[in-house]
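The structure under discussion appears below in the form of structure tokens.
All chains are named by letter (A, B, ...) in the order of the sequence lines, taking the proteins before the strands, and each is independently numbered beginning at 1.
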Amino acid sequence: MSTDLDFRRITEDWLVEGPAELSERVLDDALREVSRTRQRHPFGVPTGVRPMPLQLRLGAAAVIAVVAVGLFALNFGPAPGVGGPTGSPPSPTATVVPPTSTPAASAVAKTPAATVAGLVDGLYAALHARDTSALHALCADGGRHVVYYTDGVIGRQTTSFVNAAFDFATDPLRDVTRRGEPIVVGDLVAVPVTYTYPEEADSGFDIFYVTRVNGGLLVGSAATLFGKPDLVAGAGAMKTIATEIAAWNKDDTAGVLATMTRNAQFWEGFVDPSRSVHTMADMARFIETSNYWDVANVGPGMTSGTFVAVPQRLSSSDGGADGISIYEIRGAKIAMQVWASTP
Amino acid sequence: VQATLVERARAGDEEAFASLARGAGDRLLAIAYRILRDLGLAEDAVQQALVLAWRELPSLRDVDRFDAWLHRLLVHACYREARRSRRWAANVRVLPVNGPAARDQLVSVIARDQLERGFRRLPPDQRAVFVFHHYLGLTLPEVADQLGVPLGTVKSRLHYATNTLRAALEADLRTTTEPSRERFA
């Protein structure tokens with residue numbers, strides 16, 4: 001091979017050799033997988049966060065146990081199994097408010113806050129004061145609220161923690177207090193909280209999207225993650241999280257799974273529990289199809305109860321997303337992770 | 001027509017996406033195979049790329065860049081497959097030798113064997129640059145654009161890849177004066 005031309009000729013001839021057609025089987029498999037895969041909004045915002053057309057919203061409400069015209073304030077009832085009379089989570093279908101009904105509180109005039117800090121202050125002041133009207137005024141219509149409560153082996157989640165009849169006067173919930181400053185990433189806010197009931201006080205995080213209305217800010221869709229008071233993330237929690245991230249960034253699926261409990265859950269966004277992944281097999285598949293992202297902690301983690309919230313950045317060659325992950329740490333392993341990203 | 005299909009697929013139309021996938025499938029497989037040198041891995045990479053493309057399509061701002069964007073997803077899928085795979089070591093090509101060969105034919109056979117071996121020693125990012133430039137015929141700025149890396153990085157990767165392959169070829173060609181058939185058994 002004496003010249004560049006020879007080299008080009010040889011290599012390009014060699015490169016031409018090879019299969020030329022994608023088999024139908026491979027294409028069909030891919031398209032089957034596509035039909036099972038939801039599209040993701042830019043920067044990973046779950047599609048459920050965006051306002052849905054009314055018809056879809058009404059249709060969805062009938063099957064996914066979410067109040068179409070919900071109120072965040074109404075959602076701040078007792079956690080399933082905590083302080084309530086039954087000690088078990090309500091049936092998802094039992095508490096669905098028919099989409100044609102409109103909770104009376106939705107008529108409450110909204111009073112958007114000027115800043116995120118002001119919104120958070122107002123929200124927890126209202127909760128601490130057990131002032132239902134003040135809560136309604138700070139919460140946007142149409143928000144969802146998911147609750148995740150940890151007591152025994154694994155946390156439970158439900159979207160049914162919604163009750164139009166919720167009333168501080170009759171509910172066993174005694175107090176909601178902030179345990180520290182919120183983590184704010186764009187329009188996403190995580191607040192360390194303690195919910196106090198007659199029998200116990202349970203700690204964790206509230207996390208919610210801020211909704212912009214008329215130039216001001218209201219609380220949008222939200223989740224509450226909390227658990228029994230004896231459950232506390234240990235000192236090694238951040239190390240566990242760092243190990244998981246390192247494995248993730250190396251595309252080391254086994255390494256990621258090794259940081260998790262056997263029945264770990266991952267929520268891709270907190271407002272749509274149907275996006276959660278429950279089994280290790282599902283988890284492995286999820287990791288294998290999602291790990292083109294690299295993950296980095298971009299701020300210190302904060303612990304509240306058995307949960308750790310960390311501001312994070314996801315990046316890939318095609319873009320990035322800022323958000324917050326909240327991990328449930330059980331016995332130095334990750335039992336649950338919520339990833340929420342900013343719009 | 002493709003822009004319309006991309007728009008529809010971006011809005012959640014699976015049939016439109018299927019049309020795009022059928023249109024791009026052969027090309028994606030060809031690229032993936034040339035980077036990975038393994039049909040099974042290449043098929044896996046194509047599947048991954050298509051599923052990711054569907055999932056992430058709403059984030060594609062410029063529908064006219066669909067092909068380039070899809071190529072980039074495919075290359076990243078190839079990187080993942082390459083990292084995961086341990087099959088390459090066992091996937092050594094056995095070349096047929098049917099009697100004495102003319103020198104040109106012999107060079108061709110030897111060259112292909114050495115290219116194969118040399119190429120497998122390259123890291124996947126160098127392979128991708130080499131394939132995009134020499135197989136797809138893209139200019140280096142176009143390669144940089146499609147892979148989403150700086151032009152200098154593309155030049156560097158191509159330089160190392162070319163040197164490695166050239167060295168592999170030249171080393172072997174020095175031995176072809178007295179070819180030994182045992183080499184190919």
**Selection from B/A42, B/A30, B/G12, B/G137 maximising heavy-atom pairs under 4.5 Å formed with chain A** =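 Heavy-atom pair counts peak at B/G12.
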**Prompt:** If you tally heavy-atom pairs under 4.5 Å against chain A, which of B/V131, B/T162, B/L28 wins?
**Reply:** B/T162
**Message:** Can you tell me which portion of B/Y33 sits under 4.5 Å from chain A's heavy atoms? Options are side chain, backbone, both or neither.
**Reply:** side chain
**Which atoms of B/A24 approach chain A - backbone, side chain, both or neither, heavy atom under 4.5 Å** =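 Contact with chain A involves no heavy atom of B/A24 at all.
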**Message:** I'd like to know if the side chain of B/D26 and the backbone of A/L22 have a donor-acceptor N/O pair within less than 3.5 Å.
**Reply:** yes
**Request:** Output yes when a side-chain donor or acceptor of B/R34 lies under 3.5 Å from a complementary backbone atom of A/E17, and no otherwise.
**Result:**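 Indeed, once roles are kept as given, a pair shorter than 3.5 Å links the two residues.
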Nearest non-hydrogen partners of [X] and [Y], listed with the distance:
X     : Y     : answer
A/V34 : B/V51 : CG2-CA, 4.1 Å
B/F17 : A/L31 : CD2-CD2, 4.2 Å
A/S35 : B/E14 : CB-OE1, 3.2 Å

**Prompt:** Thinking salt bridges, do A/E24 and B/R22 make one under a 4.0 Å N-O criterion?
**Reply:**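 Looking at B/R22 together with A/E24, the answer is yes, because their closest N to O distance falls below 4.0 Å.
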Counting C-beta onward and ignoring hydrogens, is there a side-chain heavy-atom pair between [X] and [Y] closer than 4.5 Å?
X      : Y      : answer
B/F130 : A/T11  : yes
A/F7   : B/L165 : yes
A/L27  : B/L50  : yes
B/Q47  : A/V26  : yes

**Request:** With sequence neighbours excluded, tell me which residues meet side chain to side chain contact (heavy atoms under 4.5 Å, CB included) with B/P141.
**Result:**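 B/P141: side chain to side chain contact (heavy atoms under 4.5 Å, CB included) contacts with B/T139, B/L151.
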**Message:** Please tell me whether A/E33 and B/W54 have a donor and an acceptor in their side chains that are separated by less than 3.5 angstrom.
**Reply:**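 Note: A/E33 and B/W54 side chains miss the donor-acceptor criterion.
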